[in-house]
Amino acid sequence: MRVLVVTAVAAERDAVAAAAGPCDEVALPGGYALRRTAGEPVAFDVLAAGVGPAAAAAGTATALTAATLAGAPYDLVVSAGIGGGFSPGPGARPEGSPSGAPLGSVVVADAIVAADLGAETPDGFTPVTELGFGTVAHLPDPALVKAVTAAAGAAAGTVVTVSTVTGSAARAAELAERHPGVLAEAMEGFGVAEAAAAHGVPVLEVRTISNAVGPRDRAAWRIGPALTALTGAFRTLPGALAAAGPASDPPPRSTSLTRGTPTSLRRTP
């Protein structure tokens with residue numbers, strides 16, 4: 001099984017690669033460089049694609065295209081790195097799972113949601129789908145999510161992708177209200193998922209929590225422990241993927257959100 005892991009920065013890439021063992025470096029078009037492992041039964045290629053959804057999508061698409069042209073396409077794409085965790089609150093997912101993710105914990109996305117892709121209106125934020133365009137969420141294979149969550153001792157829930165990191169309690173509260181039960185915030189997952197969907201490859205997102213979503217208190221950040229947790233999570237991934245079996249085809253992209261919960265609607269070609 002060939003897995004492409006996409007991070008934002010080199011520190012995250014190196015944390016993932018540390019779990020996979022010795023790596024070779026492989027050059028890609030556009031100046032990208034992969035860290036490639038020869039693991040069995042799961043081989044990882046790890047790419048630091050840059051910060052934000054646009055950079056993540058571009059890097060992911062480059063790696064996926066290069067692999068396809070080389071006759072060795074990927075079986076799975078994973079967006080990975082550290083992220084912000086939402087504080088536990090009264091909001092809950094429809095099935096009753098509590099919201100929030102503490103520092104140092106591992107989160108596996110069961111929904112990868114573009115939280116700020118849309119328009120501001122007098123009535124508040126409107127997702128781009130309600131304007132008649134695009135996609136706002138990707139729903140990873142539930143069997144993969146369940147297997148990876150169990151193996152890593154993680155929590156499964158919504159991870160929102162933002163282009164501007166949350167820096168206030170008011171913004172954190174707004175996101176939590178729009179996405180009940182949201183666990184984490186990051187900047188790349190939706191971009192990675194868009195590229196994976198365009199290539200017909202299943203996607204996951206794995207985040208370890210380095211800071212709380214809200215006011216930016218650098219003294220409270222725990223980046224080192226979060227990177228260590230990321231290495232630990234990826235040490236469990238080969239076994240989890242083997243236990244889950246082959247990944248299914250990507251599920252339909254969600255084209256609307258109801259009370260923050262993705263609703264699956266298949267796109268027509």
Heavy-atom side-chain contact between [X] and [Y] under 4.5 Å:
| X | Y | answer |
| --- | --- | --- |
| His199 | Val77 | no |
| Leu34 | Leu4 | yes |
| Val3 | Asp75 | no |
| Arg171 | Asp116 | yes |

Hey, what do you get for [atom1] ([X]) to [atom2] ([Y]), rounding to the nearest 0.5 Å?
| X | Y | atom1 | atom2 | answer |
| --- | --- | --- | --- | --- |
| Ile223 | Glu12 | CD1 | CD | 9.0 Å |
| Phe125 | Leu175 | CZ | CG | 9.0 Å |
| Asp110 | Thr149 | CG | OG1 | 8.0 Å |
| Asp141 | Leu76 | CG | CG | 9.0 Å |
| Phe133 | Thr129 | CZ | OG1 | 11.0 Å |
| Arg2 | Asp45 | CZ | CG | 5.0 Å |

Carefully, step by step, assess Thr161 and Glu188 under the rule side-chain contact (heavy atoms from CB on, under 4.5 Å).
CA-CA 6 Å; Thr161 300; Glu188 293 78 34; 6.0 Å; no
Determine, stepwise, if the pair Asp14 / Arg35 fulfils side-chain contact (heavy atoms from CB on, under 4.5 Å).
CA-CA 9 Å; Asp14 294 346; Arg35 296 287 175 87; 3.2 Å; yes
Given Thr60, Thr7, Ile112, Val78, the one that forms side-chain contact (heavy atoms from CB on, under 4.5 Å) with Val192
Thr60
In this structure, would Ile82 and Val106 fall into the same cluster of hydrophobic residues linked by side-chain contacts under 4.5 Å?
no
Would Leu237 end up clustered with Met1 when hydrophobic side chains under 4.5 Å apart are linked, directly or stepwise?
yes
Do the rings of His138 and Phe190 sit parallel, tilted or perpendicular, given the 30° and 60° boundaries?
tilted
